[in-house]
Asker: 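What follows is a single structure, and I will ask about it in a moment.
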Amino acid sequence: MKIASWNVNSLNVRLPHVERWCAEAMPDILALQETKLEDAKFPVAALEAAGYHSVYSGQKTYNGVAILARTPISEVEHGIAGFDDPQRRILAATVGDLRIVNLYVVNGQAVGSEKYAYKLDWLAKVGAFLAEEIRRHPRLVVMGDFNIAPDDRDVHDPAAWHEQILCSTPERDALRRVLDIGLVDSFRLFNQDGGHYSWWDYRQGAFRRNLGLRIDLVLASEALRAHCRAASIEREPRTWERASDHTPVVLELEDGR
DNA sequence: ATGGTTGTGAAACAA
């Protein structure tokens with residue numbers, strides 16, 4: 001069972017990349033962020049032809065999340081009940097015996113900005129939502145673009161990024177509170193090294209020089225911890241022509257019961 | 001060098 005997350009930065013532009021990567025990597029479940037597509041324009045038929053069911057929550061120009069799966073998808077939740085947020089960043093669904101939550105966490109722009117305050121408030125609300133999700137669905141995977149580098153190993157230049165956006169202590173504390181619900185950063189179950197990133201700025205040849213951050217995460221609930229078999233960051237799609245600035249991150253789970 | 005690149009959508013804005 002291969003589970004993956006990928007910020008595609010426009011599914012309109014990246015659909016050929018998604019089709020290609022799915023054909024090569026054959027993920028069973030794929031969470032997409034920044035689809036930037038209204039629901040009416042979601043490429044359901046193309047993804048069905050590629051072998052995937054899809055559910056999605058999108059909007060024009062910004063944000064947008066989707067969950068693709070090779071088996072049927074049920075119990076879809078769009079956003080958080082009681083949090084009337086026009087930004088489409090949260091999608092939850094059940095695939096087989098797994099509960100999947102796909103998050104496109106607020107970027108926050110700059111520490112101290114209005115968007116930064118929104119990010120921290122958003123993370124607190126999401127934390128409360130996830131506490132309920134894990135209670136109802138112990139076999140929970142929470143994945144997406146977290147827009148937070150968990151610690152300095154996940155940052156190419158920790159001094160330059162010190163207390164900057166994506167790396168500040170309040171953001172890392174907010175992520176810690178999410179993990180404390182009973183989730184583990186699956187990549188760190190298998191690799192303790194720095195230098196492994198999931199996002200590289202488009203500018204100044206950052207990918208070629210591996211100047212990146214690891215901000216795309218697949219979190220597994222404690223109930224799934226013993227079933228995690230491998231985790232990886234798939235750098236190849238970032239080398240393709242007209243690539244997203246993010247690359248897919250993968251968790252392999254022991255096959256279901 | 002307060003730069004640089006990409007996506008959306010037609011000028012900024014977001015990342």
Side-chain angles (χ1 to χ4, degrees), chain A residues 5-21 31-43 46-47 56-66 79 85-91 102-123 126 143-150 154-168 170-172 174-175 197-217 233-249:
Chain A
S5 174
W6 192 4
N7 180 325
V8 292
N9 185 20
S10 168
L11 185 55
N12 228 4
V13 173
R14 238 64 72 182
L15 179 61
H17 289 209
V18 170
E19 290 170 325
R20 177 178 170 186
W21 188 69
L32 301 176
Q33 303 86 37
E34 282 206 89
T35 56
K36 301 185 178 179
L37 282 178
E38 294 171 288
D39 290 348
K41 297 189 174 170
F42 196 86
L47 292 167
Y56 36 86
S57 179
Q59 66 188 93
K60 218 171 139 160
T61 311
Y62 303 113
N63 309 311
V65 283
D85 189 351
Q87 301 190 19
R88 299 293 187 247
R89 298 177 173 277
I90 304 171
L91 188 60
N102 180 12
L103 299 180
Y104 174 46
V105 175
V106 176
N107 175 286
Q109 194 169 59
V111 173
S113 69
E114 224 168 87
K115 286 173 184 168
Y116 182 75
Y118 170 68
K119 180 179 196 173
L120 295 178
D121 178 63
W122 189 93
L123 284 163
V126 167
M143 58 183 158
D145 176 358
F146 281 74
N147 269 317
I148 301 171
D154 305 309
V155 181
H156 68 90
D157 186 345
W161 284 85
H162 180 70
E163 295 300 339
Q164 299 300 302
I165 194 66
L166 315 184
C167 299
S168 74
E171 290 167 272
R172 287 176 170 173
L175 175 60
Y197 310 126
S198 65
W199 168 83
W200 301 260
D201 199 287
Y202 280 123
R203 295 168 282 192
Q204 299 179 315
F207 178 68
R208 180 178 49 78
R209 300 155 67 200
N210 197 29
L211 307 180
L213 302 178
R214 191 175 69 91
I215 55 177
D216 299 272
L217 309 175
I233 300 174
E234 299 299 316
R235 293 172 54 99
E236 199 211 313
R238 188 64 177 77
T239 69
W240 295 345
E241 193 170 345
R242 214 179 178 192
S244 169
D245 45 352
H246 297 251
T247 209
V249 295

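Order of the sequence lines fixes the chain letters, A, B, ..., with proteins taken first and strands second; residue numbering starts at 1 for each chain.
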Asker: Kindly write out the residues that satisfy side-chain contact (heavy atoms from CB on, under 4.5 Å) with A:Ala117, not counting sequence neighbours, or none if the list is empty.
Answerer: none
Asker: I need a per-nucleotide contact map over nucleotides 5-15 of chain B, read 5' to 3'. Cutoff is protein heavy atoms under 4.0 Å; write B for the base, S for backbone only, - otherwise.
Answerer: BSSSS----SS
Asker: Can you list everything that forms a side-chain hydrogen bond (donor to acceptor under 3.5 Å, both in side chains) with A:Tyr62? Sequence neighbours excluded, please.
Answerer: none
Asker: In whole Å, measure the gap between the P atoms of B:dG3 and B:dA12 for me.
Answerer: 16 Å
Asker: Suppose we screen for ring-ring contact (aromatic ring centres under 6.0 Å, His included). Which residues come up paired with A:Tyr56, at least two apart in sequence or across chains?
Answerer: A:Phe42
Asker: Taking the same atom, P, in B:dA15 and in B:dG9, what whole-Å distance lies between them?
Answerer: 15 Å
Asker: Using the P atom as the point on both nucleotides, what is the distance between B:dA11 and B:dA1, in whole Å?
Answerer: 34 Å
Asker: Applying ring-ring contact (aromatic ring centres under 6.0 Å, His included), name anything that partners A:Tyr116, two or more places apart in sequence or on another chain.
Answerer: none
Asker: For A:Leu211, what residues pass the side-chain contact (heavy atoms from CB on, under 4.5 Å) criterion, not counting sequence neighbours?
Answerer: A:His156, A:Ala206, A:Arg209
